[in-house]
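Side chains are part of it too, since the values below use all heavy atoms of this structure and drop only hydrogens, waters and symmetry mates.
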Amino acid sequence: MHQYSFYNVDLLLDGMLINGFSDSNAIITAQRDSAQHGKVMDARGKMVVVTSADKSGTVSFDLLQTSDSNMWLQARALQTHDTGTSGGTDVFLPIQLMMNDKMGRTVVTGVNGFITMQPGVVRGTGVATDTWILQFEQLWIVRGQSEKVGI
C-alpha cells in the first residue's frame, strides 16, 4: 500500500513558503498550457507528428482569506503591475516556483512566471477561498513514486 499526506507538500514562490491552503482534494494544480505533439495528415492519409517547443504552463492554488501568504502575493502582483505601467525602463522580476511533494517524490518547477490577476474579494458568514493563478515560461513536472509501506 502507499501513503500520502498534503502535510508533506511544500509550495515555494521565490523561496517564500506559501501557507494557509484551503482543505480540498485539489489544492494545487500544475499543468502545461499546450499539447506536446499534434498531427498533420497528408492527402493520402499518412500522419506527420508535429512537436511543439512551447513548454509554458499554469499553476493555480487556493488559499483561505486568512492566509498570511495572500499579503505577500498581493504585494508581488501590485509591484509587477506598477513596474510594468510606470513608463520607466525598469522591468519586473519574474516569479520562480517549486512545488515539492516529499512523500510522493513529485517536483514541479516553474521558470519565469507572473501572477495573471489578483483574486476578487469575497466575504460572507464563512471563510472564503482566494484562487491564485500564475503562468510560467517553462513548467517542468517530474513525477515520483510513493514508497510502499507495510508488508
Side-chain angles (χ1 to χ4, degrees), residues 1-64 67 69-70 72-74 76-87 89-122 128-151:
M1 99 173 148
H2 296 276
Q3 181 182 7
Y4 169 78
S5 170
F6 186 75
Y7 191 79
N8 293 301
V9 175
D10 290 333
L11 178 65
L12 293 102
L13 300 176
D14 290 341
M16 170 75 75
L17 182 64
I18 303 301
N19 61 43
F21 294 99
S22 65
D23 185 15
S24 76
N25 287 328
I27 298 170
I28 302 170
T29 301
Q31 64 186 30
R32 287 267 178 97
D33 291 337
S34 298
Q36 292 175 202
H37 304 285
K39 69 175 183 176
V40 175
M41 302 301 292
D42 74 7
R44 297 194 182 233
K46 298 289 184 186
M47 182 174 68
V48 176
V49 176
V50 180
T51 302
S52 173
D54 184 352
K55 293 181 173 78
S56 66
T58 300
V59 175
S60 63
F61 52 91
D62 296 327
L63 299 179
L64 297 175
S67 170
S69 294
N70 285 315
W72 184 85
L73 286 158
Q74 178 182 336
R76 197 72 164 85
L78 291 172
Q79 173 197 32
T80 56
H81 191 256
D82 289 347
T83 301
T85 60
S86 69
T89 58
D90 292 340
V91 293
F92 71 87
L93 295 173
I95 295 172
Q96 311 305 319
L97 173 142
M98 185 186 77
M99 186 206 79
N100 184 12
D101 174 359
K102 295 175 288 220
M103 190 172 267
R105 298 183 179 174
T106 295
V107 176
V108 175
T109 305
V111 178
N112 294 337
F114 62 94
I115 299 168
T116 60
M117 71 168 73
Q118 297 178 58
V121 174
V122 177
T129 300
D130 294 332
T131 301
W132 291 92
I133 302 171
L134 292 82
Q135 292 189 324
F136 293 89
E137 181 178 24
Q138 295 180 13
L139 189 70
W140 298 94
I141 300 171
V142 179
R143 298 180 200 285
Q145 178 64 49
S146 297
E147 289 292 322
K148 292 192 184 280
V149 295
I151 300 175

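Val9 has its side chain within reach of Met99: a pair of non-hydrogen atoms, C-beta onward, lies under 4.5 Å apart. Put simply, the side chain of Leu11 does not reach to within 4.5 Å of the side chain of Ile27, judged on heavy atoms. The shortest distance between side-chain heavy atoms of Thr80 and Ile95 does not fall below 4.5 Å. For the pair Leu78 and Gln118, the minimum side-chain heavy-atom distance is below 4.5 Å. Trp140 is not listed as a side-chain neighbour of Val107, based on a closest heavy-atom distance of 4.5 Å or more. Side-chain contact between Thr131 and Pro119 is absent, with no heavy atoms from C-beta onward closer than 4.5 Å.
In terms of the ring-ring contact (aromatic ring centres under 6.0 Å, His included) criterion, residue partners of Phe21 (sequence neighbours excluded) are, by chain and number, Phe6. For Arg76, the salt bridge (Lys or Arg N to Asp or Glu O under 4.0 Å) criterion is met by Asp14, not counting sequence neighbours. For Lys39, the side chain to side chain contact (heavy atoms under 4.5 Å, CB included) partners two or more places apart in sequence, or in a different chain, are Met41, Met47.
Trp72 and Leu13 make their closest contact through CH2-O, 3.6 Å (heavy atoms, listed as atom of the first residue, atom of the second, distance). The two residues Val122 and Ala128 have their closest heavy-atom pair at O-CB, 3.2 Å. Nearest heavy-atom pair across Ser60 and Ile133 is CB-CG1, 4.0 Å. Pairing each heavy atom of Leu17 with each of Ser69, the nearest pair is O-OG, 4.1 Å. Nearest heavy-atom pair across Trp132 and Gln74 is CH2-N, 3.7 Å.
Interatomic distance, His37 NE2 to Thr51 OG1, rounded to the nearest 0.5 Å: 4.5 Å. Note: Thr129 OG1 to Asp62 CG = 6.0 Å, rounded to the nearest 0.5 Å. Between the CG atom in Leu12 and the CG atom in Asp10 there is a gap of 6.0 Å [rounded to 0.5 Å]. For the atom pair CG of Leu134 and CG of Leu73, the computed distance is 7.0 Å after rounding to the nearest 0.5 Å. Atoms CZ and CG, from Arg32 and Asp54 in turn, are 8.0 Å apart once rounded to the nearest 0.5 Å. The CG atom of Asn100 sits 9.5 Å away from atom CG of Asn8, with the distance rounded to the nearest 0.5 Å.
Put simply, the side chain of Ser67 never gets that close to the backbone of Leu64: no donor and acceptor are under 3.5 Å apart. Judged by distance alone, the side chain of Thr106 and the main-chain N or O of Gly144 form a donor-acceptor pair under 3.5 Å.
In Asp23, the CG atom is not crowded: 12 or fewer heavy atoms of neighbouring residues, nucleotides or ligands sit closer than 6.0 Å. Atom CD of Gln36 sits in a sparse spot, with 12 or fewer heavy atoms from other residues, nucleotides or ligands closer than 6.0 Å.
Each of Leu97, Val111, Thr58, Asn112 was evaluated against Phe136; a single residue qualifies, Leu97, per the side chain to side chain contact (heavy atoms under 4.5 Å, CB included) test.
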